Amino acid sequence: MDTFEIPDEIREHFRAARRAVAFSGAGVSHESGLDTFRGAGGLWERMRPEELATPEAFRADPGKVWRWYAWRHQTAAGARPNPAHLALVRWETLFPSFTLITQNVDGLHARAGSRGLLELHGTLLEARCHRCGKRRDLGEAVAESPEEPPVCACGGRFRPAVVWFGESLDPRVLSRGQDEAASCDLFLSVGTSSTVYPAAGLIELAHRAGACVIEVNPEPTPFSRLVDLRIGAPAGEAVPRLTEEIERCRTRG
Ligand code: BJW
Ligand code: ZN
């Protein structure tokens with residue numbers, strides 16, 4: 001992809017925006033070699049989510065769930081941030097206010113250098129006791145106990161500190177994300193199928209608040225018809241290019 005057309009009215013939003021939000025999903029890390037969940041080649045094509053990403057699955061077979069996350073942790077630890085992660089770090093200096101809200105648990109935005117990140121679905125880097133909530137490094141916990149989740153001092157079991165289906169998101173993180181989406185004037189949705197709630201609801205919040213909404217995804221999503229600009233290209237190409245356009249608009253007017 002050499003170029004994509006950005007209409008003049010979108011450039012006007014790039015110049016005027018004061019509060020920007022980027023909302024990311026698994027597609028952003030795809031070019032770092034990590035699998036997405038849905039679609040061709042996605043994790044859910046090979047495994048059933050209800051057998052791995054629910055509290056019921058963990059209760060039924062803690063070892064199976066633990067080993068799957070140990071593999072995911074190892075894969076994420078071996079991956080490197082790609083040009084999309086790196087370009088999003090530059091957004092922090094482009095707008096008076098910028099918030100990066102991610103559904104990803106792989107830690108690649110933080111490793112790229114993004115600060116003030118809102119991780120809606122938790123993190124794969126930590127384990128949390130399901131009983132007392134104590135946290136510890138997931139890599140260390142896996143090294144100590146690769147096959148079964150280690151037992152906490154309270155007698156509970158450690159689990160990955162991610163948000164499974166049917167579990168509530170951290171209410172403080174969610175409400176900050178909702179506040180940012182509802183008060184931004186530029187909203188980038190990138191690499192998400194936009195099908196998991198309440199996260200996907202942020203796109204609608206931003207749209208209803210009158211923000212200019214941009215979607216970057218090679219495939220259409222349920223929100224594609226609502227957005228102001230759709231870029232049907234991989235994030236690793238589109239986000240750096242978009243970032244250059246914004247930089248050009250904001251420095252040269
Ligand atoms: C590229 C690309 C490239 C590829 N460049 N793009 C309202 C309506 C219906 C249902 C619900 C509702 N509200 C709540 C629900 C239930 C449920 C839900 O949403 N279900 C739907 C699936 C129907 N939600 C929940 O359960 C949530 N909790 C909740 O609601 O609590 C309230 C409650 C409490 C108590 C009792 C009852 C309710 C929690 C959701 C947690 C989701 N967790 C997961 C797993 C995290 C841990 C782990 O990693 O294992 O989070 S599921 C999985 O999906 C993961 C992701 O963060 C999330 C979103 O996926 P994402 O990031 O969009 O990835 P994909 O794979 O779907 O899409 C990738 C996209 O990238 C694709 O579009 C590609 O085209 C694109 N792409 N290459 C750019 N190079
Ligand atoms: Zn405990």
Side-chain angles (χ1 to χ4, degrees), residues 1 23-45 47-58 65-66 68-73 75-76 82-85 101-107 119-125 127-136 138 141 149-171 173-174 188-204 215-224 230-240 242:
M1 182 194 59
F23 171 59
S24 70
V28 165
S29 297
H30 199 210
E31 288 152 272
S32 294
L34 301 185
D35 292 329
T36 59
F37 293 92
R38 297 163 188 84
L43 290 165
W44 298 156
E45 210 172 51
M47 296 99 166
R48 287 156 54 88
E50 57 273 32
E51 284 178 18
L52 292 162
T54 62
E56 293 76 22
F58 187 67
V65 173
W66 184 251
W68 189 62
Y69 280 97
W71 168 74
R72 297 262 313 278
H73 177 270
T75 317
N82 68 50
H85 297 106
I101 307 173
T102 189
Q103 298 165 88
N104 297 348
V105 298
D106 55 35
E119 292 180 311
L120 289 178
H121 292 159
T123 174
L124 190 54
L125 306 185
R128 166 166 62 78
C129 171
H130 82 91
R131 189 180 291 169
C132 74
K134 182 179 172 197
R135 284 180 171 253
R136 59 179 297 196
L138 183 86
V151 177
C152 177
C154 78
R157 281 181 179 279
F158 281 99
R159 53 162 282 181
V162 299
V163 182
W164 283 327
F165 283 114
E167 291 186 318
S168 300
L169 283 63
D170 180 329
V173 178
L174 176 61
L188 169 68
S189 169
V190 51
T192 175
S193 62
S194 312
T195 52
V196 173
Y197 283 81
L202 298 181
I203 307 169
E204 189 157 3
E215 177 178 85
V216 171
N217 194 319
E219 303 296 330
T221 77
F223 290 92
S224 294
R230 199 190 119 67
I231 303 172
E237 294 172 26
V239 180
L242 189 63

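The basis for the numbers below is simple: all heavy atoms, side chains too, and nothing from hydrogens, waters or symmetry mates. This is a predicted model, so every value here is computed, not measured. All ligand and atom numbering here is 1-based and tracks the order in the structure. For the single chain, residues carry numbers from 1 onward in sequence order.
Summarising the geometry, atom OG belonging to Ser24 is positioned 7.0 Å from atom CD belonging to Gln103; distances are rounded to the nearest 0.5 Å. For the atom pair NE2 of His121 and CG of Leu174, the computed distance is 9.0 Å after rounding to the nearest 0.5 Å. Separating the OH atom in Tyr197 from the CG atom in Leu169 is a distance of 13.5 Å, to the nearest 0.5 Å.
Without hydrogens or angle criteria, Ser32 side chain to Leu34 main chain gives no donor-acceptor distance under 3.5 Å. Remark: side-chain polar atoms of Arg131 are paired, donor with acceptor, to backbone N or O of Cys154 under 3.5 angstrom. Counting only distance, with no hydrogens or angles, the side chain of Asn217 and the backbone of Thr192 share a donor-acceptor pair below 3.5 Å. Arg230 contributes no side-chain N or O that, together with a main-chain N or O of Phe223, makes up a donor-acceptor pair within less than 3.5 Å. For the pair Asn104 (side chain) and Gly25 (backbone), a donor-acceptor distance under 3.5 Å is present. Under the 3.5 Å distance criterion, the side-chain polar atoms of Asn82 are matched with a main-chain donor or acceptor of Ala84.
Within ligand 1, the atoms closer than 4.0 Å to a non-hydrogen atom of Gly25 are 62 (O), numbered from 1 in the order shown. Near Glu219, meaning under 4.0 Å from one of its heavy atoms, ligand 1 places the atoms 75 (O). With ligand atoms numbered from 1 in the order given, ligand 1 contributes 31 (O), 34 (C) to contacts under 4.0 Å with heavy atoms of Ser168. Distances below 4.0 Å separate heavy atoms of Val105 from the following atoms of ligand 1: 49 (O). Close contacts of ligand 1 with Tyr69, meaning ligand atoms under 4.0 Å from a residue heavy atom, involve 47 (C), 48 (C), 50 (O). Taking a cut-off of under 4.0 Å to the non-hydrogen atoms of Glu31, the atoms of ligand 1 that pass are 3 (C), 5 (N), 80 (N). Counting the atoms of ligand 1 from 1 in the order shown, those under 4.0 Å from a heavy atom of His30 are 4 (C), 78 (N).
Residues Ala233 and Val216 share a closest heavy-atom pair of O-CG1, 3.5 Å.
Residue-level proximity to ligand 1 for Arg38 is carried by backbone and side chain together, each with a heavy atom below 4.0 angstrom. Heavy atoms from both the backbone and the side chain of Thr192 come within less than 4.0 Å of ligand 1. For Pro234, heavy-atom contacts with ligand 1 shorter than 4.0 Å involve the backbone as well as the side chain. In Val162, the part holding a heavy atom less than 4.0 Å from any atom of ligand 1 is the side chain. Contacts between Arg72 and ligand 1, counted as non-hydrogen atom pairs separated by less than 4.0 Å, involve the side chain only. Only the side chain of His121 comes within contact range of ligand 1, with a heavy atom under 4.0 Å; no backbone atom does.
Close to ligand 1: Gly166, with a non-hydrogen atom less than 4.0 angstrom away.
Taking only non-hydrogen atoms, the option from Trp164, Trp68, Phe165 nearest to atom 52 (S) of ligand 1 is Phe165.
Among protein heavy atoms, the minimum distance from atom 75 (O) of ligand 1 is reached at Asn217 OD1, 2.8 Å. The protein heavy atom nearest to atom 77 (N) of ligand 1 is Gly27 CA, 3.6 Å. Protein heavy atom in closest approach to atom 16 (C) of ligand 1: Tyr197 O, 4.6 Å.
Considering both main-chain and side-chain atoms, Glu167 comes within under 3.5 Å of ligand 1 through a nitrogen or oxygen pair. By the 3.5 Å distance cut-off applied to N or O atoms, Val163 is counted among the residues near ligand 1. Taking any N or O of Pro198, backbone or side chain, none lies under 3.5 Å from an N or O belonging to ligand 1. Residue-to-ligand polar distances keep Thr221 apart from ligand 1: every N/O pair is separated by 3.5 Å or more. Looking at ligand 1, you'll find an N or O of Ala26 within less than 3.5 Å of one of its N or O atoms. Below 3.5 Å of separation, one finds an N or O of Gln103 facing an N or O of ligand 1. Below 3.5 Å of separation, one finds an N or O of Gly191 facing an N or O of ligand 1. Distances between N or O atoms of Phe37 and those of ligand 1 include at least one value under 3.5 Å.
Distances shorter than 2.8 Å separate the Zn ion (ligand 2) from the protein N/O/S atoms Cys129 SG, Cys132 SG, Cys152 SG, Cys154 SG.
Cation-pi geometry between Arg159 and Trp164 is satisfied (NZ or CZ under 6.0 Å from the ring centre, within 45° of the ring normal).
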